[in-house]
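The block underneath contains the structure these notes are about, expressed in structure tokens.
As the structure lists them, so they are numbered: ligands from 1, and atoms in each ligand from 1. Nothing fancy with the numbering, it's 1 onward along the sequence.
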Amino acid sequence: MPLYQEQTIKVHNSLTGKKETFIPINEGHIGMYVCGPTVYSNVHLGNCRTFMSFDMIFRYFRHLGYKVRYVRNITDAGHLVDDAEDGEDKIAKKARLEQLEPMEVVQRYTVDFHNILEKFNFLPPSIEPTATGHIIEQIEIIKDILEKGYAYEVNGSVYFDVVKFNETNEYGKLSGRKLEDMIANTRELTAQDDKKSPQDFALWKKAEPEHIMRWPSPWGDGFPGWHLECTAMSTKYLGETFDIHGGGMDLKFPHHECEIAQAEASNGKSPVKYWMHANMLTLNGKKMAKSTGNSILPGEIFSGENDILSKPFSPGMVRFFMMQAHYTSILDISNDALLASEKGFNKLMDSIKSINSLPIGSKSDFDAPSWRQACYDAMNDDFNTPILIAKLFDAVKHINLIKEGSETITKEDKEILFDTMKSFVFDVLGLEDKQSSNADSEKLSGVVELLIQLRKEARENKDFATSDKIRDQLAELGIQLKDGKEGTTYSL
Ligand SMILES: [Zn+2]
């Protein structure tokens, strides 16, 4: 029996504002879409936190035995500066400033994004589609929305008619806004504006002659509006209605609101069963912004090269720090908070390593099965990682008491303790103890170097039996020695 049949998950659904029992559309399968990065600069630590929250959620579903199709896109066109309706494409602007091809910008920052996520031990999504790879699908949706009467074409651009849509549907239901209030609070359109109402948003924008990122369409050369790509890619890979759509809190309006409108206008269905939003990361109590200097890049945390920090912190430790807050709460990062967290992280890792050597007793002072269920209960309650971590530290306390001899544990309970700790710490929270694996690889290379030296001495003494034995037995362990002019090297 898969684990998911024994556990009931509740998720906070941003659409209803309530915690709801999670029931996937197709039993045993989950479709999850998360808005990915716009790749025009190095990935922001706050974005890493959002993606990390969904990586943890993805990991927990997989741990429970669900088959998850996790789609996280790459925005490589259409996202305009300041998320505005007019203005330059973020990627085209960067390309102009740095005198690069837009696709060079995209490649550079996609690679950066993947490198950072790999350091943080993210699992890759099942599909990572790009906006530019789905222009045809986007054009098809625009045609569909035009046909249904919820969009209009002006001078080579196509706009979504929010007022018309709101007559039959509810624009603003995700963000809790009312269209009347939105209209009352916006200034009048200027004469040169193509839009009928300020709330209308672009599905397709005409490309001015200087605009380099352009595609042909039935309405002339142009490029898709930013909101459209997510509707196109989520529908293509997950269907017209799917289980979970996630993203940062800042995307709720207008981006996700517009996604709902586009999907409902084109196929008449509400696209998503559970909307989930991750909260932001602040630095020293203030919003992060490059312009004020109150900003830190992931790479700077790992290297310690930022005045805000007194030392470098490992990616695993930073991940642990982020997991200590619930994904819907604001988390503040500071040097002191990281230092405090590091102590806890090291204690947890040391504790896991000591479980195997715990003595076995005839009775348990530690009720491992109830503790294991308490760990699941924490995660089942809207992925409450801070409560889970508190439960893990309950176990750490018992491990120490057993080590001291003040408590005992049976063989069965020790096995449950070890398996559960490993599952939640490594598989679900995705923590890695890189420090010790670095130390291990240093030790390994020291040992291999020593054997290379002993082999060299054996050969100098014409003791070929010994030198061959060293080479062959290392080869059996998967370590290949290579003799060259510069001496002997090895590879794993
Ligand atoms: Zn999106």
Side-chain angles (χ1 to χ4, degrees), residues 13-15 31-41 43-44 46-55 57-58 69-85 89-91 106 109-110 113 117 125-135 137-139 141-142 145 160 162 171-175 201-205 223-267 269-280 327:
N13 188 350
S14 310
L15 189 63
M32 176 161 98
Y33 186 92
V34 171
C35 294
T38 302
V39 281
Y40 72 106
S41 63
V43 64
H44 198 278
N47 289 141
C48 289
R49 185 189 176 208
T50 298
F51 300 131
M52 195 182 286
S53 299
F54 291 102
D55 181 64
I57 290 167
F58 177 41
R69 183 180 289 170
Y70 174 26
V71 182
R72 189 187 65 214
N73 70 304
I74 295 276
T75 296
D76 58 354
H79 195 172
L80 304 186
V81 175
D82 298 329
D83 301 343
E85 278 297 296
D89 183 293
K90 287 187 178 190
I91 288 154
V106 165
Y109 295 112
T110 303
F113 175 66
L117 263 51
S126 329
I127 306 176
E128 195 172 45
T130 61
T132 57
H134 298 76
I135 300 290
E137 289 83 349
Q138 296 183 70
I139 289 174
I141 294 177
I142 301 173
I145 298 175
F160 190 92
V162 171
Y171 185 75
K173 64 180 165 190
L174 178 66
S175 52
F201 57 90
L203 297 172
W204 188 262
K205 286 285 278 183
F223 55 94
W226 170 43
H227 312 305
L228 190 59
E229 62 174 272
C230 290
T231 299
M233 295 186 271
S234 60
T235 311
K236 175 161 180 167
Y237 299 112
L238 300 173
E240 290 180 342
T241 302
F242 53 94
D243 298 298
I244 292 175
H245 192 314
M249 212 67 104
D250 53 326
L251 295 182
K252 216 189 246 185
F253 187 87
H255 185 57
H256 291 160
E257 204 72 72
C258 295
E259 277 188 49
I260 294 177
Q262 289 165 159
E264 289 185 357
S266 82
N267 61 42
K269 288 181 198 153
S270 190
V272 177
K273 215 171 156 193
Y274 305 94
W275 281 92
M276 296 178 75
H277 290 95
N279 215 326
M280 62 170 178
Y327 75 94

Notebook entry, point to check: Taking only residues two or more places apart in sequence or in another chain, which ones pass salt bridge (charged side-chain N to carboxylate O under 4.0 Å, His left out) with D55?
Noted result: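 Expected list: R59, R319.
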Checklist line | Pairing residues for R49 by the salt bridge (charged side-chain N to carboxylate O under 4.0 Å, His left out) criterion, not counting sequence neighbours | finding: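 R49: no salt bridge (charged side-chain N to carboxylate O under 4.0 Å, His left out) contacts found.
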Next item on the list: Check the surroundings of atom OH in Y40: do more than 12 heavy atoms from other residues, nucleotides or ligands lie under 6.0 Å from it?
Entry: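 Atom OH in Y40 is not crowded, with 12 or fewer foreign heavy atoms closer than 6.0 Å.
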Notebook entry, point to check: What protein N, O or S atoms come within a distance below 2.8 Å of the Zn ion (ligand 1), ordered by chain and number?
Noted result: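 Near the Zn ion (ligand 1), below 2.8 Å, one finds C35 SG, C230 SG, H255 NE2.
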Next item on the list: Report the residues that fulfil ring-ring contact (aromatic ring centres under 6.0 Å, His included) with H134, sequence neighbours left out, ordered by chain and then residue number.
Entry: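 With neighbours one apart ignored, the set is Y237.
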Note to self: Can you tell me how far apart SG (C35) and CD (E229) are? Round to the nearest 0.5 Å.
What the structure shows: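 CD of E229 is found 8.0 Å from SG of C35.
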Check: Does the cation-pi check pass for R72 over F51, that is, NZ or CZ under 6.0 Å from the six-membered ring centre and within 45° of its axis?
Finding: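 Judged by the rule, R72 and F51 form a cation-pi pair.
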